Structures are given as structure tokens and as C-alpha cells.
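Sharing a structure with you now.
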Number of protein chains: 2
Amino acid sequence: MTKRSHSVTIRQVAQQAGVSVATVSRYLNRNAPISKEVAGRLEQVMAELRYVPHSAARQLASKKTHIVGLLLSDLHNDFFVPLLDGIETVVRKNGYNLLVATYHAGSRNLPPPIGPHNTDGLLVFSDGLTDNDLAALSAQNFPMVLVHRTPPQDLPIPSVTVENKKITAELIEHLITVHQRKRILLFRGPEQQEDSYWRELGYRNALEAHGIPFDESLVLHGNFEKTVAQQSLSKFLEDQNHPQFDAIFSGDDDAAVGVLAALREHRYRVPEDVSVAGFDNSGFSAFLNPPLTTVSAPTEAVGRIAAERLFSLFDKQSAEGVTLLPTELIIRHSCGCPI
Amino acid sequence: MTKRSHSVTIRQVAQQAGVSVATVSRYLNRNAPISKEVAGRLEQVMAELRYVPHSAARQLASKKTHIVGLLLSDLHNDFFVPLLDGIETVVRKNGYNLLVATYHAGSRNLPPPIGPHNTDGLLVFSDGLTDNDLAALSAQNFPMVLVHRTPPQDLPIPSVTVENKKITAELIEHLITVHQRKRILLFRGPEQQEDSYWRELGYRNALEAHGIPFDESLVLHGNFEKTVAQQSLSKFLEDQNHPQFDAIFSGDDDAAVGVLAALREHRYRVPEDVSVAGFDNSGFSAFLNPPLTTVSAPTEAVGRIAAERLFSLFDKQSAEGVTLLPTELIIRHSCGCPI
DNA sequence: CCAGTTACAGTAACCGGTTACATTATTTCA
DNA sequence: TGAAATAATGTAACCGGTTACTGTAACTGG
């Protein structure tokens, strides 16, 4: 019951096994030959003493943290579960650890909580870092991979994201040509967010292709969040002289849930009065009321591939530019299609 | 363009500012008086050199990592977003970092990836660690808080979870008394998972209270996962002589989505033929088809409070036993109630 | 006016690993 | 068979911070 505060060191192991610390270290890292005999003795002693190498000491001496950082803008979307799942799977498989942090506009006076001082590399989601931050880190050759964002100013940072523009145009075109919608409300995602940008562009392109003028008053600003979307749309609907509309493209599926909530509150029928479409094809979207027409995005794959890119940066210094994963239109009932 | 691999050290800062390293360290930690003049000089030099203290060195010397570990069983449930959100918020507010890892049964030959060697304390979700692991760490006085799990063997580990049994009994009772359901299929959550256990107990209690015999053939095993639930129920339904049933209590809302999918596939009408109820009140549950009767659980609060408990352990060594957060019945249409 | 504090700063040991360099014994092979 | 390569291990410097210990100057109160 001696309660020393858990600090079995490599020297204790060495002494106990009658070898030098260097030998123990070599055994731990298996980076030099060790005799069978000594190896056996060490294994036993380490088990006996319940020795676990101290990470910080290891990191300091080896200049490697074996930690990957994930920088998010926030944690308010079901979307992050598959993303995290993909990332974590790869990180674990490589024997690394995952440091997760959010870093949003409000805290921009503070330095980022994760970076070269405590990780070997970063996965940067969306606007988790400013262009300047990215440029500075990139200049130091710090390994990074961007997720749902393309590199600014031609920085040579690999990037993994999904095809937004073309698929959104297809989706809007579907609303126009199949369902004769002409007043399509755009529920825009977060300002500064790239997906938002490309989706808006796809929306505009589709309108233009069909000779429908873009109407600023039909653009609402949301946040890829259920409640924000709900409140925002409710406020819009409560304005006596809000513009007419016959469809809503909400920024993503989470926002679509809020959109459906607000519409129901205000007695609109979906899809009879209003067509609704989302983006992401979240697990629940097929079972909303009505089933949600949306775009399926391979979010888990985005996470997985982004992490793999980062590890290949660790190895071979090879960058692979922008990876654009394909998306797919998922037609369900909320746009007006049967079933 | 000198590309030294980003290693501005405290000694360089000290030299540049004409003071000793001790003074720089004191300034960084603000744990001893520094003259205005020197402070100013240091601030400037540190900005100029873009000095960021090296975490590992700091951890090694101070014996504090300023990292909180979160150990999850997996990442396959939307439930984790609010949980993570609550945790991360508190962790960030305290100036700590968050290390996230999964550690499941399959990897039980490996040691846990996070523990005393790389964190100051652990949030352990559900069966993220075995009883033995917990006992060992607890014996070393390692700060931990359990989430959605109560401490085994009277270990003095604080725990934060939600009330499962009573509310589940209420829910089942609702199905029995209001909707005259008597053959209620229980979609059990993961084996070994405490929530599953208590929910099953609530289910049994409610049956017993109403003189309905427990029928083992009405228990299906799921995993709190959409697809697993869907497949599992589908297989059940495809068995020609499966027992009759008139309601399903699925382990949680995620599983409920799968249940709804399987039922639709097999042409059951909800709630006319079968009542369905879930657990968690996930953001989407109000907008499923039909709107899901469920139990609202304060998941974000669970995360927040668990993290707060951990930080209060860091400070005052005060443990607060088991915290049971209240849950609430949410009646919607999937059980058969109007609206 | 002097003992006792307090403010401020420096020196160097220490945290627990890794690894360059050195050493000895054993193989390998021309 | 002798030179060179390889196996197996040890010694000690080093990674970049923190902090105990020490010292000087200025301040405080009786």
C-alpha cells in the first residue's frame, strides 16, 4: 500500500532488470536488437512494476507527440459524429491519439489551443483557423489537412471535401423542372463557410440556367443548426409582408429539421405548399415527416481520407492537393415526389 | 527564410530579453512578481520570436498535462454530439485540452490509449473501461468521472448519468394503459451497458405491475445503432413464426430510426399496427414519421456536469457520488397519441 | 535605526525519456 | 586467419521547460 503517486520510471525498470536505461528504451521502441534473455526479463519486470512510459518525457526527447489535432468550429451538428468516427478510426489504427478542440471567432484573441507545440499535425475543419493562421503554420512546414475547405492563397495544404456546387444545382433544377418551383428560399449556411458558399453558387447557377432572377430577399442566414434555423425561419414567416415562396433549400439536414419545425408551426404543408430539401443525408433524414429530399455526402469517408492524407504527409511528405468526394442526389417525398 | 524547424525555446527568449529563463517562466505562469519593465520587454520579445512554450517540456517539468481524456466505447450515435459539446465547452473554459479515444472490447489486449501517463484525469463513458481498469486507476487516486455508468464495487468515483428505470416504467405503462398494448417488444441496447440494463428493468417492472408476464421471445438485442437495429428487426420480422407484438420500445432514438425503417419495409403501420417509442429525445425525433414518443434526456448537461465534476476533483479532491439527472416523458404520435 | 518582510531576479538541479558515441564479444568472409 | 561487420549493451548528454534555493535592494514598523 505504499502510495507513491504512480511514477515508475524507466530507471527503476532498468535497475530492477539489471540493465541500462538505454536497453529498456530500445526494448520499448524495438529499434535495436535486444537479446532474447534480456527481453524476457524486461517484459516481466515491466509487467510487475506496471510500468507505463511517461508521454511527455517521450515527446520531449523524441520530438514527436504521436498526437493528431482536430480543430472544429463548433460542435452543434450531428454531422460531426460520422466525421469524428472516420478520423478516430484511422488515428487509432496508426497508434496515435486525437486531440479535439473548438476554436471560434469569439476566441480569436487567444492563440489556437492546438498546433505544433502539442501535436504532430492538424486536421482543420472549415473555418477552424484563419487564412493567416494557416499561412503561418504552412510556412513552418507543419503537416495539416483541410476538411470541408480548400486551401487559401495557393498554400500547398491537402484538402478533403465534397462536391457541393454541381449537386446543389441539380437539386435546385429538380425543384424547378419537376415541381415547377420558382420562388425557392435559400437557407444559407454559416458565413465564411465554404460549403455554404458553393451551395449558394450552385443555387444561383441553377436559377440562372432557368431564367429565374436571383432575389436577395429569398436568402435567409442560418448556421447549420436546428434551433437557429427554426427561429430564423419563424421570424421570417411572422413578418406580415415576407416574400412569397414555394420551396426551401436548407443548408443541411440539421437545418432542415428546424425548417420543418417552423413550417409546421406556421401551418404550411410539406410538400404540398412548400418543397423542402436538405444536404448530408444524415441517418435520420429518410424518416423525417415527410422523408427528406437531400444530397448524400460521404462524411465518414471524408474523415477517414483526411486522416489518411495526414499520415501520408507524416511519412512521405507527399501532398495530394484537393480531394473532392462525390455526392449524390437523394430524392424523397419532401420535394413533392411520390415516396 | 532560415527554416529551422520551429523551435524557439525559453532560453532564446531569455537571452533576447536579457533576463534568466526563470524569469521568463515566471512571467508565463504569472506565479511570481515581475517588474513592469521586464514584463513589457518579455511580451515584446515573445511576440517578435513567435514563442510558444513546448507542451511536452511543460508537462514533464510541472507534472501536469492540462489534458482531460474522454474514453468512449465507440462513435456510432448522434447522442455523442451534445455529450461532446457539453464536455468540450467546460474543458475549454478551464484552459484544458481534450483527448478523445475509443477503446472497445476488441482491443482489450492493448492498454488504454489514455490514462495517467498522458492526461490529468479521465471521463469514462459507459463501458469504456473494465471494472478492473477502473479499480486500478482509482487505487492510484487518478481523477475520473464516470458518464452513463455507476461505479463498480463501491469505488469512490463520481458518476453522472440519467434516470432510466422509473421513466422507462412510466413509458411502458403509458403504452399499456393508454394504448392497451400487451405484447411489447423490447429492443435492448448493448449488452453490459448500464442504460440498457436499467431500461430493461423499468420495462420489466411496468409489465409486472400490470400483470403481464415477461416473455423472453419479445426481447431483441441491438446496439443503439440505426442500421444494426434495422437489420436485427428485419430478420426478426422475416422469421415466419415470430411472436406477435403490438408495440416496440427501442433502446434509444437512433435505434428507433432503424426500427421505423424495418417496420416500413415490412408494411407495418405506426402507430396503427405498432406503437413505437425511443429514448433520448434527439433533435430529429420530433420530426420523424410519425413523430417519436420518447424520453428527453439532458445529454449536453450530462457532459457539462461530468466535466465540471472532474475539474472540482482537480481542485478540492471532493467527490460527489452519483448524480442522477432527471428525464421526462415526451409523448408524440408514434405511440398512438394524437399529435 | 535595525530586524523582518517583500519585490524581483539568477543559478542550477530536475522531470523521464531518447540517442550519439563508445565498447566488447561474436560472426562473416575473402 | 585476420579484417570487417554485426550483435548487444552501457555512459552520459540532451530535449525545453519548472522551481527550490539563494541573493540583493527596497520597504515596513516599532
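Proteins come first, then strands; the chains are lettered A, B, ... in the order of their sequence lines, and each starts at number 1. Small disclaimer: the values here were computed from a predicted structure and weren't measured.
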For residues 29-59 of chain B, pull every pair meeting ring-ring contact (aromatic ring centres under 6.0 Å, His included), keeping only residues two or more places apart or in separate chains.
->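 Not a single pair qualifies under ring-ring contact (aromatic ring centres under 6.0 Å, His included).
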Gap between atoms CD and P, on B:Q15 and C:dT11 respectively (whole Å) =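 Distance check: B:Q15 CD to C:dT11 P gives 12 Å.
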Salt bridge flag under 4.0 Å for residues B:K63 and B:D120 |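 Salt bridge absent between B:K63 and B:D120.
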N/O donor to acceptor pairs below 3.5 angstrom from side-chain atoms of residues 27-34 of chain B, sequence neighbours left out:
residue: B:N29; atom: OD1; partner: B:R58; partner atom: NH2; Å: 3.2
residue: B:N29; atom: ND2; partner: B:S25; partner atom: O; Å: 2.9
residue: B:N29; atom: ND2; partner: B:S25; partner atom: OG; Å: 3.4

More 5' along DNA chain D: A:R11 or A:V19, using each one's nearest nucleotide?
->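 With A:R11 and A:V19 compared, the 5'-side residue is A:V19.
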Ignoring hydrogens and angles, tell me if any N or O in the side chain of A:Q140 forms a donor-acceptor pair with the backbone of A:F142 under 3.5 Å.
->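 Such a contact is absent between A:Q140 side chain and A:F142 backbone.
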Do B:T130 and B:D133 come close enough that some side-chain heavy atom pair is under 4.5 Å?
->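 Heavy-atom side-chain distance check passes, below 4.5 Å.
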Residues in contact with DNA chain D, drawn from residues 58-67 of chain A - heavy-atom cutoff 4.0 Å |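 Listed by number, they are A:L60, A:A61, A:K63.
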In whole angstrom, what separates B:K36's NZ from C:dA7's P?
->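 It works out to 14 Å between those atoms.
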Report yes if some heavy atom in the side chain of B:V322 is under 4.5 Å from a heavy atom in the side chain of B:P151; otherwise report no.
->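 Side chain of B:V322 against side chain of B:P151, heavy atoms only: contact under 4.5 Å found.
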Restricting to pairs with a member in residues 69-99 of chain A, which pass ring-ring contact (aromatic ring centres under 6.0 Å, His included), not counting sequence neighbours?
->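 Pairs touching residues 69-99 of chain A that pass the test: A:H66-A:Y96, A:F79-A:F125, A:F79-A:H148, A:F80-A:F125, A:Y96-A:F311, A:Y96-A:F314.
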Using distance alone, with no hydrogens and no angle criterion, decide if A:T65 and A:Q59 have a side-chain donor and acceptor under 3.5 Å apart.
->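 No, A:Q59 and A:T65 have no side-chain donor paired with an acceptor closer than 3.5 Å.
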Reported OG-to-CG distance for the pair A:S159 and A:L324, which is rounded to 0.5 angstrom |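 If we round to the nearest 0.5 Å, A:S159:OG and A:L324:CG are 8.0 Å apart.
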Expected output: side-chain A:S126 to main-chain A:G128 donor-acceptor under 3.5 Å =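 No: the side chain of A:S126 does not pair with the backbone of A:G128.
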Does anyone know the first and last nucleotide of DNA chain D in reach of chain B, 5' to 3', at under 4.0 angstrom to a heavy atom?
->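 For DNA chain D, the relevant span reads D:dG16 to D:dC21.
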Interface with DNA chain C, restricted to residues 21-28 of chain A and to heavy atoms under 4.0 Å =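 Those residues whose heavy atoms fall under 4.0 Å from DNA chain C, taken from residues 21-28 of chain A in numerical order, are A:A22, A:S25, A:R26.
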